[in-house]
Amino acid sequence: MPTVPRRRRSPQEVAAAAPVSGPRRVLLAAPRGYCAGVDRAVIAVEKALEAYGPPVYVRKQIVHNLHVVQTLEEKGAIFVDETDEVPEGSLLIFSAHGVSPAVVQSAADRNLQTIDATCPLVTKVHKEAVRFARDDFDILLIGHAGHEEVEGTYGEAPEHTQIVNGPEDVDKVTVRDPDKVIWLSQTTLSVDEAMHTVELLRKRFPTLQDPPSDDICYATSNRQTAIKKIAPEADLVLVVGSANSSNSVRLVEVALEYGAKASYRVDFANEVDESWFEGVSTVGVTSGASVPESLVQEVLMLLADYGYGDVEEVVTAQEDIMFSLPKEIRATLKAMGDTSRGLGGRRAGA
């Protein structure tokens, strides 16, 4: 016999059935949402579609957000897993997560016109890997095996690099010379977990060197700092972001670690479960670095329907970073006389 779907209660019914002590309120994290690297990559695809017309091929998801990918698909972007899926001579954009030299060569072998939308902060880590491999260091790359960013960085110097997924991998690491070891990291990790892994590695290799500058990107760090401030006061934290977004998933973990009674990740407002509000007076809201602000606003509208209309923005940092668009796009737009958005991006977080 088919199951009869449970009727979704109205916001008013939920509020009446789940009384709370004190006023209902929302603590809204700032910064949240788009970072400069994501903004740059999304605009690169949009501008390529305008300049060249569809289809424009993109290797992997341009950024890890379902809504962004679906929106670009509607405009004519085609997302592929590998270069051999792209017709020879076509236009291919590399995603914000970066690619290995082998992927770049594969695209060249197929005579593909390419646009590199790799986030400049990821490119920085790639250059560090090349530099330290050239100096014959063992590189301990802290990150999640299989993640596109980690695959790209690893591919710069595979003979010198070991991937360290986290603290559980530290005892498995072997190096040629304990005095010539450096750690690098995926840019979207939990800051606390990454530094804990580094501490354990340094116990094994006391002369372990740090990267020349912080590898975990400013946006990841800022969003984690903001949710750390909100979490102790929150009965519930909602993180807007996709399941394959490393930094969004980390925000859920950080919220729970720092005192939130419950935390869930959703792609869209309609994924919020009414049962989550039982006994909840304070809701924290944030979003991952690849999430458009419009999706956050839809969650806030839903929360207002449930009686959480008092919104306080908790600001822990100001972001005004912008990255220039990929050089290939800048050259094309200049030839077309297109100076919209200043050949740069929207201001991070806009």
Side-chain angles (χ1 to χ4, degrees), residues 31-49 56-73 75 77-83 91-101 103-104 107 114-129 143-144 146-156 184-189 215-223 241-250 287-293 319 321-330 341 343-350:
R32 63 184 177 275
Y34 267 16
C35 65
V38 163
D39 195 45
R40 173 182 186 264
V42 173
I43 293 175
V45 179
E46 293 172 344
K47 289 296 186 182
L49 285 164
V56 167
Y57 293 87
V58 183
R59 184 182 182 274
K60 307 293 187 179
Q61 292 187 355
I62 186 67
V63 297
H64 285 160
N65 182 263
L66 181 61
H67 173 77
V68 171
V69 170
Q70 290 174 342
T71 300
L72 292 174
E73 283 179 330
K75 295 179 179 180
I78 297 176
F79 294 89
V80 299
D81 285 328
E82 299 299 344
T83 56
L91 175 65
L92 175 66
I93 299 178
F94 296 138
S95 80
H97 307 103
V99 297
S100 69
V103 172
V104 175
T114 58
I115 295 173
D116 187 0
T118 302
C119 172
L121 299 180
V122 175
T123 298
K124 177 185 76 71
V125 182
H126 281 223
K127 290 180 177 178
E128 290 170 351
H144 301 125
H147 189 280
E148 291 145 46
E149 181 187 328
V150 172
E151 289 179 347
T153 303
Y154 177 86
E156 293 286 0
L184 303 177
S185 80
Q186 181 181 334
T187 63
T188 55
L189 295 181
D215 282 351
I216 296 178
C217 88
Y218 77 93
T220 297
S221 179
N222 286 348
R223 281 145 190 72
S242 292
N244 61 342
S245 167
S246 177
N247 72 89
S248 297
V249 173
R250 299 289 86 70
S287 59
S290 53
V291 177
E293 179 63 13
E319 294 179 353
I321 294 173
M322 290 175 59
F323 293 136
S324 295
L325 292 175
K327 62 182 185 297
E328 303 91 350
I329 286 287
R330 296 201 308 271
R341 297 180 190 162
L343 301 188
R346 295 164 287 233
R347 187 163 59 87

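The model shown is predicted, which means the values in this text are computed figures rather than measured ones.
Closest approach of Val58 to Ala77, counting heavy atoms only: CG2-CB, 4.5 Å. Across every non-hydrogen atom of Gly155 and Pro101, the tightest pair is O-CD, 3.4 Å. The two residues Ser185 and Ile216 come nearest to each other via the heavy atoms OG-CG1, 3.6 Å.
Side-chain atoms of Tyr218 and Cys35, non-hydrogen and from C-beta on, do get closer than 4.5 Å to each other. Side-chain contact check for Ser242 versus His67: every heavy-atom pair is 4.5 Å or farther apart. Counting heavy atoms from C-beta outward, Pro292 and Asn65 have side chains that approach closer than 4.5 Å. In this structure, Glu149 and Cys119 have side chains that are not in contact, with every pair of non-hydrogen atoms separated by 4.5 Å or more. The closest side-chain heavy-atom distance from Phe79 to Ile62 is below 4.5 Å. For the pair Tyr34/Val63, no side-chain contact is recorded, criterion being any heavy-atom separation below 4.5 Å from C-beta on.
Paired with Lys47 under the rule side-chain contact (heavy atoms from CB on, under 4.5 Å), one option of Val42, Ile329, Val56 passes, and it is Ile329.
Residues satisfying the side-chain hydrogen bond (donor to acceptor under 3.5 Å, both in side chains) test with Asp215, not counting sequence neighbours, are Lys124. For the side-chain contact (heavy atoms from CB on, under 4.5 Å) test, residues two or more places apart in sequence or in another chain that qualify with Ser246 are His144, His147, Gln186, Thr188, Arg250. Every residue two or more places apart in sequence or in another chain that forms a salt bridge (Lys or Arg N to Asp or Glu O under 4.0 Å) with Glu82 is listed here: Arg59, Lys60. Every residue two or more places apart in sequence or in another chain that forms a side-chain hydrogen bond (donor to acceptor under 3.5 Å, both in side chains) with Ser95 is listed here: His97. Residues that satisfy the side-chain contact (heavy atoms from CB on, under 4.5 Å) test with Ala129, not counting sequence neighbours, are Ile139, Thr153, Glu156, Leu184. With sequence neighbours left out, Ser221 forms a side-chain contact (heavy atoms from CB on, under 4.5 Å) with Val191, Thr225. Every side-chain hydrogen bond (donor to acceptor under 3.5 Å, both in side chains) that Ser245 has, sequence neighbours left out, goes to Asn247, Ser248. Among residues two or more places apart in sequence or in another chain, the side-chain hydrogen bond (donor to acceptor under 3.5 Å, both in side chains) test is passed with Ser290 by none. Annotation: salt bridge (Lys or Arg N to Asp or Glu O under 4.0 Å) contacts of Lys75 (sequence neighbours excluded): Glu46. Taking Glu151 as the reference, nothing meets the side-chain contact (heavy atoms from CB on, under 4.5 Å) condition, with sequence neighbours excluded.
With rounding to the nearest 0.5 angstrom, the CG atom of Asp39 is 8.5 Å from the CG atom of Leu325. Rounded to the nearest 0.5 Å, atoms CZ (Arg223) and OG (Ser287) are 7.0 Å apart. A distance of 4.5 Å separates CD1 in Ile93 from CD1 in Ile115, rounded to the nearest 0.5 Å. In this structure, Leu49 CG and Leu91 CG are separated by 8.5 Å, a value rounded to the nearest 0.5 Å. Summarising the geometry, atom CG belonging to Leu72 is positioned 12.5 Å from atom CD1 belonging to Ile78; distances are rounded to the nearest 0.5 Å. A distance of 9.0 Å separates OG1 in Thr220 from CG in Leu121, rounded to the nearest 0.5 Å.
A side-chain donor-acceptor contact under 3.5 Å links Asp116 and Thr118.
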